[in-house]
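The structure appears right after this line, and notes come after that.
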Amino acid sequence: MSERVTVIEVGPRDGLQNESATVPAGDKVRFVEALAEAGLPVVEVTSFVSPKAVPQLADADQVLPAVRRLEGVRYPVLVPNVRGFERALAAGADAVAVFTAASEGFTRANINMTIAESLQAFAPVLERALVAGMWTRGYVSTAFGCPYDGAVQPAAVARVAGELAALGCAEVSVGDTIGVGRPEQVPEIVAAVADRLPLEQVALHLHDTGGRALENVAAGLEAGVRVFDSSAAGLGGCPFAPGAPGNVATEALVRFLHEQGFETGVDAEAVERAGQAVRARLAG
Ligand code: HMG
Ligand code: MG
């Protein structure tokens, strides 16, 4: 039997938050459902953040409860604080993801906190999520470089990843937020993080701005990572690099993994159709 890789779909959240047009709630719901039907085991649905920060996902309270869920699929949502957690809980969330970064500049721009403040804000969120029996995830952004602070040390990534795990995150996703990562960086970052938490709990979240996301996936596989985040049809983009591609496309990731002999349980064609339907909606 071939080895399994878990593909985490983030298109409905990371993809749509970065598109200038807003997709109607009903289309978001259908998108999430189609992705789960395509075999994706985890579909990140939306964010319970400030609607001023991300107006594209201001309908999270309507979208999440409307999703018809499949048995065995997880549907995490982003939560920056207790307020977001309470909204997520009321909307029926089964999983939450908190998010901070390895660099202070990005953390300030993204969530208006220091890294230390963000970890303090997440502690009660994670505590309550675990009591509620939810699956929990934590993101460490700017692990491969920061648009404000420049180079980021693997030790800084590892420290934040370790703190998120200590606060109760079942999985920590290490992000190349602006797609500047190079394959040479991957082994060092992964090794530093794996010093703090089991490698099975580590995911890579690679944006494709620099066109090297799949090379970085290959380096991640080599380093032993078996969980990767991706976005159907490569939806999204980076707010710091207008016109640039978003996350690595799920269909490209899945095809690449299958070519490498890994099993994912995901139907790449079905993912591509779902992504293209949303692209058509975005184009109006
Ligand atoms: P703030 O302005 O410092 O805090 O925002 P605040 O408490 O003063 O709140 C500002 C306003 O938002 C207030 O409303 C609050 O009530 C409201 P006002 O009084 O002005 O009308 N508010 C909320 N509303 C709804 N839900 C909430 C909530 N919290 C406060 N949960 C805050 C701080 C964290 C809220 C804000 O900066 C924020 O929402 N940021 C989110 C930014 C975001 O979503 N970024 C994208 C996701 S991260 C990412 O994409 C990276 C990732 O993909 C990994 C990678 O690529 O590396 C995950
Ligand atoms: Mg991202």
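Indexing begins at 1, ligand by ligand and atom by atom, following the structure's order. Numbers here are sequence positions counted from 1.
The main-chain N or O of T22 is never found under 3.5 Å from a side-chain atom of R281 such that the two would form a donor-acceptor pair.
Residues satisfying the side-chain contact (heavy atoms from CB on, under 4.5 Å) criterion with A268, sequence neighbours excluded, are E251, V254, R255. Residues forming a side-chain contact (heavy atoms from CB on, under 4.5 Å) with Q260 (at least two apart in sequence, or on another chain): F256, F262.
Relative to the six-membered ring of Y139, R13 meets both conditions, a distance below 6.0 Å and an angle of at most 45° to the axis.
Near ligand 1, heavy-atom contacts under 4.0 Å come from R13, D14, Q17, F48, V49, S50, P51, K52, A53, V54, L78, P80, N81, R83, G84, R87, F99, N110, I111, N112, Y139, S141, G175, T177, H205, H207.
The line from CG of D176 to NE2 of H207 is 7.5 Å long, rounded to the nearest 0.5 Å.
For the Mg ion (ligand 2), the N/O/S atoms of D229 include none lying under 2.8 Å.
The N, O or S atom of H207 lying closest to the Mg ion (ligand 2) is NE2. For D14, the N/O/S atom at the shortest distance from the Mg ion (ligand 2) is named OD2.
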Validation: residues 119-132 side-chain donor-acceptor distances under 3.5 Å, sequence neighbours left out:
residue : atom : partner : partner atom : Å
R128    : NH1  : E86     : OE2          : 2.9

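In the displayed structure, E117 atom CD is contacted under 6.0 Å by more than 12 heavy atoms of other residues, nucleotides or ligands.
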